[in-house]
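Chain identifiers are assigned alphabetically (A, B, ...) following the order of the sequence lines, protein sequences preceding nucleic acid strands; residue numbering begins at 1 within each chain.
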Amino acid sequence: FTKPLPTDERERWLLAERYLRRYYGMQPGLLGKSKSSDVMAEKIRVMQSFFKLEITGKLDDDTLEVMNKARCGVLDVGEYN
Amino acid sequence: LFPQKPKWKNTVVTFRITNYTPDLKKEDVDKAIHNALRTWSLVTPLRFKRLREGNADIMISFGRGEHGDHNPFDGPDGLLAHAYPPGLGIGGDTHFDEDETWTKDSHAYNLFLVAAHEFGHALGMAHSNDPGSLMFPVYSYAKGFPLSEDDIKGIQELYGPNPDHEKFKPKPEAPNKCDPELSIDAVTELRGETLIFKDGYFWRLHPQFTEPELTLIHSIWPQLPKKINAAYENLEKDLVIIFSGIRMWALNGYTLVAGYPKYIHTLGLPKSIRKIDAAVHIRDTGKTLLFTDEEYWSYNEQSATMDQGYPRSIKDDFPGMQERDGDEVDEVDAATYKNGYLYLYHENLQYEYSYNRRKVTRIMRANELLHC
């Protein structure tokens, strides 16, 4: 139940950004180039830790493959308003 | 559980189905919802009461895109459904994405399984990171009772056990790949990947990926039994043969081949053989070795017959396999072949046997195969 992984770098980044906002409470909006990539890397680590993936903070295929799977819409970690 | 552990104060929880998906008959939706709620009432004192109008604790609806809670769905696949923790107003409400195809079988997506997961949230369960638990966030299909030990422990922390029901046999806990005592049930190649079977799960090892992926056997092959005894790949025929008990199945890629299961005795094994412990195809010779108790057989794939002079003793033909306490190993759990070496697995060890030197050259932990 996995859609084909996007090959384009920007598409991969957008998929990950949407995923981390929705399920890991990553704040939307511009944080400035360097800051946003730090925040993103940190959220990727949290997600990799949850799914017992290798914790790299990078968008490797393993990580993207999990992000691309059909799933529940409730957050995995973070505040529930 | 969710932060602050929200839960229903009353053990009678009301629910109302406010609309239906056109993918299924109404009675099939009713049945899926009923069975999904029953999954949780079986293991707790909770009882569910259906309302046909007005406001219920759990309001159930199907919608697409933005559907009224500022938490829009995303079209087909991806996000399937969501639910809110127990509480007033939207608390407990459960929404299904109408852009999905809802089914009552193993085709995507089984409404009963997704509803059982979402009602877990509506009762106060958050996500689990145990791939075998119902509350794991990623969808996977499995038959049978869907709650794992992890699910039952969580829900009973909120509501306690069901006073009327004997303890339910939950799904097996997911195996821990780096447990130093880990033994494996079976291992095979499959078109360049390696599949390692353990209890009701298998790890999928892809040469490019560092992390083995753990999956429930039933989520990929609902027709296979929970326990696999042995497996091997015949590259020439592009088939993987899976053994469990006296039966065997064939996979072409991830697809089960029609006409199976067949009995292992059709290979020429005597009826006294009730299970195959390990199997491996030796490409260089075209022979498949089948290990049963302390012996092994050689099957000629070309002529589809058992070779003469078998069975032979494992201990005699593969000298050098020793337990840690020095006892000689005479049984095998799993076997693979690579670059002239036969890897024989027994309990938590694997023995690398060199055909050229006719002896065991290395002894390693079984889960070294899983990058542990």
Side-chain angles (χ1 to χ4, degrees), chain A residues 1-29 41-81, chain B residues 2-4 6 69-85 87 90-91 94-97 100 107-110 113-114 117-118 120-122 125-131 134-141 174 176-178 206 208-214 219-220 371:
Chain A
F1 308 107
T2 305
K3 291 189 274 197
L5 280 182
T7 49
D8 165 61
E9 205 48 44
R10 181 175 150 68
E11 278 307 309
R12 289 162 70 96
W13 178 273
L14 289 175
L15 184 157
E17 197 178 37
R18 270 195 309 273
Y19 189 93
L20 296 167
R21 277 192 196 162
R22 188 179 273 280
Y23 303 119
Y24 285 81
M26 185 167 85
Q27 291 311 312
E42 179 44 38
K43 291 297 182 184
I44 291 173
R45 271 190 282 274
V46 174
M47 179 259 177
Q48 289 170 332
S49 164
F50 181 88
F51 282 101
K52 301 177 187 166
L53 297 168
E54 197 174 351
I55 300 176
T56 62
K58 292 186 179 62
L59 267 189
D60 49 51
D61 276 0
D62 271 351
T63 303
L64 263 178
E65 189 165 305
V66 172
M67 289 180 169
N68 218 22
K69 285 181 184 281
R71 58 160 291 157
C72 167
V74 171
L75 288 81
D76 292 340
V77 290
E79 278 316 302
Y80 300 86
N81 53 24
Chain B
F2 287 115
Q4 289 93 42
D69 62 3
H70 308 297
N71 204 348
F73 286 134
D74 60 352
D77 298 318
L79 202 174
L80 305 179
H82 57 217
Y84 292 86
I90 199 168
T94 301
H95 304 156
F96 297 92
D97 184 352
E100 311 303 347
H107 296 91
Y109 294 98
N110 183 283
L113 280 173
V114 176
H117 174 104
E118 297 307 333
H121 291 312
M125 300 280 277
H127 279 149
S128 164
N129 67 354
D130 170 347
L134 176 68
M135 294 313 291
F136 190 64
V138 170
Y139 176 86
S140 78
Y141 177 79
N176 170 10
K177 67 182 170 70
C178 287
H206 192 286
Q208 266 87 41
F209 292 168
T210 50
E211 198 59 28
E213 183 183 342
L214 180 64
S219 67
I220 305 288
H371 306 159

Could you give the distance from CD (Glu211(B)) to CG (Asp61(A)), rounded to the nearest 0.5 Å?
13.5 Å

What are the two closest heavy atoms between Ala83(B) and Val74(A), and how far apart are they?
O-CG2, 3.4 Å

Minimum heavy-atom separation for Asn129(B) to Phe50(A), with atom names?
CB-O, 2.9 Å

Interatomic spacing from CG in Asp130(B) to NZ in Lys52(A) - rounded to 0.5 Å
5.5 Å

Decide yes or no on side chain to side chain contact (heavy atoms under 4.5 Å, CB included) for Arg71(A) and His127(B), but give the supporting numbers first.
CA-CA 11 Å; Arg71(A) 58 160 291 157; His127(B) 279 149; 3.5 Å; yes

Distance, nearest 0.5 Å, that separates CG of Asp74(B) from CZ of Arg22(A):
6.0 Å

What residue, out of Glu100(B), His95(B), His121(B), has the most heavy-atom pairs lying under 4.5 Å from chain A?
His121(B)

More than 12 heavy atoms of other residues, nucleotides or ligands under 6.0 Å from CD of Glu54(A): yes or no?
no

The interface call for Arg18(A) against chain B, heavy-atom contacts under 4.5 Å, is neither

Should Asp62(A) and Glu213(B) count as side-chain neighbours, where that means a heavy-atom distance under 4.5 Å?
no

Assign the ring pair Phe51(A) / Phe136(B) to parallel, tilted or perpendicular, where the plane angle (0 to 90°) is split at 30° and 60°.
perpendicular

